[in-house]
J.: 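Dumping the structure here so I can ask a few things about it.
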Protein chains: 8
Amino acid sequence: MKTNSIDPKFYEMLTPQNAALLLIDHQAGIMQGVHDFKPVELKNNVIALASLGKIFNLPTIITASYAQGPNGPIIPEIITMYPDVEIIHRAVINSWGYAPFVAAVEKTGRKKLIMAGVTTDVCLAFPAIYAVQAGYDVYAVYDASGSWDVMSQQCAINRMIQAGVKVVNWVAVAAELQKDWMLPTGPQLAKLFADHLTFYSMLIASHQAAASINKK
Amino acid sequence: MKTNSIDPKFYEMLTPQNAALLLIDHQAGIMQGVHDFKPVELKNNVIALASLGKIFNLPTIITASYAQGPNGPIIPEIITMYPDVEIIHRAVINSWGYAPFVAAVEKTGRKKLIMAGVTTDVCLAFPAIYAVQAGYDVYAVYDASGSWDVMSQQCAINRMIQAGVKVVNWVAVAAELQKDWMLPTGPQLAKLFADHLTFYSMLIASHQAAASINKK
Amino acid sequence: MKTNSIDPKFYEMLTPQNAALLLIDHQAGIMQGVHDFKPVELKNNVIALASLGKIFNLPTIITASYAQGPNGPIIPEIITMYPDVEIIHRAVINSWGYAPFVAAVEKTGRKKLIMAGVTTDVCLAFPAIYAVQAGYDVYAVYDASGSWDVMSQQCAINRMIQAGVKVVNWVAVAAELQKDWMLPTGPQLAKLFADHLTFYSMLIASHQAAASINKK
Amino acid sequence: MKTNSIDPKFYEMLTPQNAALLLIDHQAGIMQGVHDFKPVELKNNVIALASLGKIFNLPTIITASYAQGPNGPIIPEIITMYPDVEIIHRAVINSWGYAPFVAAVEKTGRKKLIMAGVTTDVCLAFPAIYAVQAGYDVYAVYDASGSWDVMSQQCAINRMIQAGVKVVNWVAVAAELQKDWMLPTGPQLAKLFADHLTFYSMLIASHQAAASINKK
Amino acid sequence: MKTNSIDPKFYEMLTPQNAALLLIDHQAGIMQGVHDFKPVELKNNVIALASLGKIFNLPTIITASYAQGPNGPIIPEIITMYPDVEIIHRAVINSWGYAPFVAAVEKTGRKKLIMAGVTTDVCLAFPAIYAVQAGYDVYAVYDASGSWDVMSQQCAINRMIQAGVKVVNWVAVAAELQKDWMLPTGPQLAKLFADHLTFYSMLIASHQAAASINKK
Amino acid sequence: MKTNSIDPKFYEMLTPQNAALLLIDHQAGIMQGVHDFKPVELKNNVIALASLGKIFNLPTIITASYAQGPNGPIIPEIITMYPDVEIIHRAVINSWGYAPFVAAVEKTGRKKLIMAGVTTDVCLAFPAIYAVQAGYDVYAVYDASGSWDVMSQQCAINRMIQAGVKVVNWVAVAAELQKDWMLPTGPQLAKLFADHLTFYSMLIASHQAAASINKK
Amino acid sequence: MKTNSIDPKFYEMLTPQNAALLLIDHQAGIMQGVHDFKPVELKNNVIALASLGKIFNLPTIITASYAQGPNGPIIPEIITMYPDVEIIHRAVINSWGYAPFVAAVEKTGRKKLIMAGVTTDVCLAFPAIYAVQAGYDVYAVYDASGSWDVMSQQCAINRMIQAGVKVVNWVAVAAELQKDWMLPTGPQLAKLFADHLTFYSMLIASHQAAASINKK
Amino acid sequence: MKTNSIDPKFYEMLTPQNAALLLIDHQAGIMQGVHDFKPVELKNNVIALASLGKIFNLPTIITASYAQGPNGPIIPEIITMYPDVEIIHRAVINSWGYAPFVAAVEKTGRKKLIMAGVTTDVCLAFPAIYAVQAGYDVYAVYDASGSWDVMSQQCAINRMIQAGVKVVNWVAVAAELQKDWMLPTGPQLAKLFADHLTFYSMLIASHQAAASINKK
């Protein structure tokens, strides 16, 4: 397609000032249905993404559907990280179809929305698509979301792309927000990478050990 | 692409009032050729999708090609569920190329078509593409359809997306139709999930057991 | 190895008279941890295996660990099928390390034990190995059991084989028990295959349709 | 995208009158490099596609690159099937960059081109993209083509889609061309399916056997 | 294990004089349930194995279970290749449990049995294990057999190995029987490889083309 | 094999009193070469296994090869967990070929050795095999070890099994050591499962939430 | 889409005169995190791509991020091949966000950019997208790049395609640049294929051997 | 099995003094049929294994079958490495069935044989099994061998294990031979690892760069 047929948003990047973080239905019950990621990977990724909200001081919204039923409560790691964020409880499946949720997003004043949800095909895809329609630039973080299997994940990703959503992994989100390792959040992000991008902690340990050999 | 270059239909959702259900060539012979899903999965998904027609009272059309030949009869589970729907028999491969089929669709008055077919590359993709051309918003349900292998499934999905078809899984269709768990169809859909989204029946059993511990 | 270095039991087969069925820890909570089978497959297989106890009138024992805790209750389908079997509740992990369980097995008088358990590496492998030591011929049904992932399943299978356990799938168990389609249980088993060996129901439907073409 | 932003060609279908068949570089040497299909699958698919040219009487063009070198000769099955088609020999990599090839295509007078080539990323993708630019509607048959591995196949498919090529499997091509099983080519195509869509020969054998049971 | 703890048969090889070929339940209906091989692969392998009986003049036995029911008839390719072999029809599941079958094997006077069957877990594994007990050296040809999925295939293979069966592929059987390419059956086997070990036909075509370049 | 041909050790289980823990070459450099597990999984499993030494108070030995070179230092998580264990540094590849290591094992007085190492084919397999020869009962924990790819992992597992090693996953080791959830280490192990057998933390969270609903 | 809605660049090809080569962050540390390719494949592909710069005399730019830290130095093979290219060192993550890098690109005067980077989702995708915005035609070479796993690779590829990047493999780049085997770079490229497209060296060896048989 | 039921050879290791290297049928034609490894991996592994003969000064035997036919010549890399080894040409399929080959092995006086062959199921498995029978301790190097697909590789591995062959990867062979990094061959092996165990070259580059930081 001609460059001018592509929406300029596809060439824009996230900044800590233009983005909000939306965590949708990361509930202990529904997450048991996730089979496109192993549980240890999914939890690792969800915590990593949630941590970006802290590191970059992003407005953060958390919502849950029927937490008192089988879907279960938001996982404790998120609750602990965001003790002051009031969870928005819904019976409406599409969170973007629930006015208080949309109001909370609008209140952030941010036009770029980093979203993750369990499951990808419903809890993430529905609000992601609606948000694009409402004029937002949506980053759907597929690896901090989860689906019934890889096929349904891919299907949901295709559908989001068809509607103009950007689908990304959490590391790319982190790198976009950081932009330059010299900026003040650099050390915090490096620590997050060491904790959640596991090979990196090994790289650091190796590097420090080697660097210290002749250090005296 | 610019938001305004995307057809508004990609931001619309299914409702029980705007959708019809089209079940194409779920025949006992041709289904033996399906290798992108295990038989137990495919049957589970087909029955789940077919049940949505009942739960949401959707106009439902069933068609078969050469049922008296090797392709075999529509599987008995569908026949039993829709005893009053007259099967439209064809020799024309593309069901949308067969006037009585198109007439039946038009008669529903619905503009959003939920379609599944065996096989995905022919029996689903051909009418899905033609229906988009005819102005319909098509939901091709890939996991209640089946193909020769995963590669040919993916190929058919790409082709449908290229022509403007929405490709979805049956759970997403169910969630779009339900919209809000408080609506009257909620309990029926919950039962369907328990029966066909297997982890959910376990979630419910666990939840009920735990909830009853202190219930006295 | 020389033929005479192989234990004769490897050339013996199951009969409805020499076998008992042991269902271990098929609990709604712990089954959420299974990732070597899709939920729909696992439930299908577990119900199929459990049904063999009914069809062939096998002594059947059901046990659970900590059903009141997160492991959850035995799945309702098994409870419904065996309303009169009293579940043996344990805190001991290895069911063969719990005297009432072993006593129940001994009471059956059967020397061939068909076992399945969730998870394969612990709840199935431990008692399977102990039972071989105690002189039983154990059939560990891997596909009515479940593990954390395929690797851990394979690891558990290797360990059981190393200790002299036979590892089989539920269809092979059914076929061994049936032996001859002319025996009285034939029609019941054919129905079970139609219900749980999904392609078979399609085969039957196709066959009946074709056979009826010239039937008049 | 809005329906009217989609090129009408995506809603058109092949007919025996509007299509030509282009077989590109199916050479015995280069085909050894194919690792996205097993050799038995690839050969089966290539022969099936080539046979469509015979069944539907399509203008057929065959080209080879450096057949006297390591790339080797066109496989004998194609030579035998098309003894009268003169192979167009090239040193130019992109067959569409070689005037005699383009001239041969133009001479067919057909605007829809069914193409397959080994390898997918070069021998198929290059002329497929150029042909779209030249105003043709291109059907790239990925499963009668072959690539270095599945990833490079997918990469080539994405690139062709990006340029407006239709990517399809040979069965879909066959079904488009046939359109209606009542048309004269029906029996020939049924035989081709029996020979190359292997499950179908078994379906037919089962059906005939069942149908003959009461046939007297 | 000490060398002398291994049965000497594991160091013996097949010859056209010591082996018989047993084809078990390659029926058009039951073969639709095979999902560890693609249909095109399975048929290719079954025909290749069956052809070895012809090339090496092996006593060949064919049996079927309930061919008049959904299991369907022996596939036509085998019937055509062995028009004079009378099919042994059974209702007994384990062919080795059916006296006429065992009698037919004994009548061959061969002590090494090349067996293939659909499905692997029942129709192949049961008689393979019984035959070992009866003192035969069994070659179970897993790739001319088929199972419900790869896991059940592997499970059946493990069980056969545990009982002392040799599990092999058809190419290894062919090579054992041939022993030396100079023996009279060499050209016939080379032709079989060209037809069914697909890459080999391409190798030959390339070789012949290259060899002829300077041939004058 | 006859029951009495199987070494009795295969029917014995680990206890906190009969076992020692050997952690071999979990070094930050060499672990980068692991491709049979994702880094996040491997680290999770290694820490879980190492923690069992703490929970069950097992004698624990840590060794490293060339830690000052590219192999890098033992990963910091292990160092932190075992600050008082002196790492045994070697240039000898097979740790069981290095006298101080063997001496350290002998000093524990334990005859059952739980071993993990990176890489599986060398650092784990070599000492595991030697230790069996020396009369130990070896538990090789494949999922707290890592190899170049899945094939080489499987190859190493087969070789260890051939030599009489038990190959297990860390969860099975934990369950063997715990034996009965009522024993004092129960709560500590439950916490370890919540932290490293990720689905279990979600199960607990769901259970507690459900149990508290009627708790008043 | 209508042909005229597709940017003409998708029908243009690379030439040695219109392209530059950009090698981004192929550093010995960060490359340890790559898990979508085996190390041997990735290095093979990176060297092959880098060699194209030499063969076709392309302006070549090399950049690294924090080479003195854990990310490590550019791999020695690239340094050795391009001893005269000064590496552009950055702390800015997106190389296109670093002015000296963009200036270097502009200085080449080329409008088609062949890019590869480790990792794909960040080091390749970010500058690829920015470069398209800046009016360049970008060829992102996915197989000379590397990502955390296949899913994140695919995600990055989708995102690049959405923004109008061409995603290709190195062999396709080589073939586009060569265009015609008769051009002077032919022999050099043939040698590169023999060295890095491994099957090709075997094809050549076979061909030469066969061709020499009658060569006298 | 009881420790004393295991042949002591399973606890013995290779040394440069007790081993010979046998390279069987690594021919440019037959290697095109290998599909369990990518060509780049297989060649890498074959060269690495062949190099061990040089580094450890092992008696090395090379054999080929019908090199003048489609199987093609021994790949040039081996020829170049062993210019003085005379290739043993055979028509007999099983190299151990060809007296000059066996004589050459006997002449080495070594009792441990490191073997690799293409293909695994025939060219490797046959002589490996015969050599065990003849009293040799055989190391079959599966990853310097190649088969038609992964299933046939696994099948061949199982068969070799059943007959008492050790199946290993080339890295394990290298490590057994080296035993201690302090021995004189250490630097040569380290170089081989850097060249063929690709991640290791990156590890070394990273380590050297880090170590040099404070080196002044």
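Every chain is numbered from 1, with letters handed out A, B, ... down the list of sequences.
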J.: Out of H:Ala209, H:Gly72, H:Gly29, H:Ser206, which one racks up the most heavy-atom pairs below 4.5 Å with chain G?
T.: H:Ser206

J.: Looking only at atom types and distance, does a side-chain atom of G:Asp143 sit under 3.5 Å from a main-chain N or O of G:Asn169, one as donor and one as acceptor?
T.: no

J.: Side chain, backbone, both or neither: which part of G:Leu203 has a heavy atom under 4.5 Å from chain H?
T.: both

J.: Which atom names give the shortest non-hydrogen contact between G:Ala131 and G:Leu113, and what distance separates them?
T.: CB-CD1, 4.1 Å

J.: So which of H:Met31, H:Glu41, H:His196 has the biggest tally of heavy-atom pairs under 4.5 Å with chain G?
T.: H:Glu41

J.: Return the option, out of H:Gln208, H:Glu77, H:Lys38, H:Gln27, with the maximum number of heavy-atom pairs under 4.5 Å with chain G.
T.: H:Lys38

J.: Is there side-chain contact between H:Val168 and H:Val141, with heavy atoms separated by less than 4.5 Å?
T.: yes

J.: Could you go through H:Arg159 and H:Asp121, starting from their C-alpha distance and side-chain angles, then the distance that decides it, and tell me whether this counts as salt bridge (Lys or Arg N to Asp or Glu O under 4.0 Å)?
T.: CA-CA 9 Å; H:Arg159 187 175 180 188; H:Asp121 55 341; over 6 Å; no

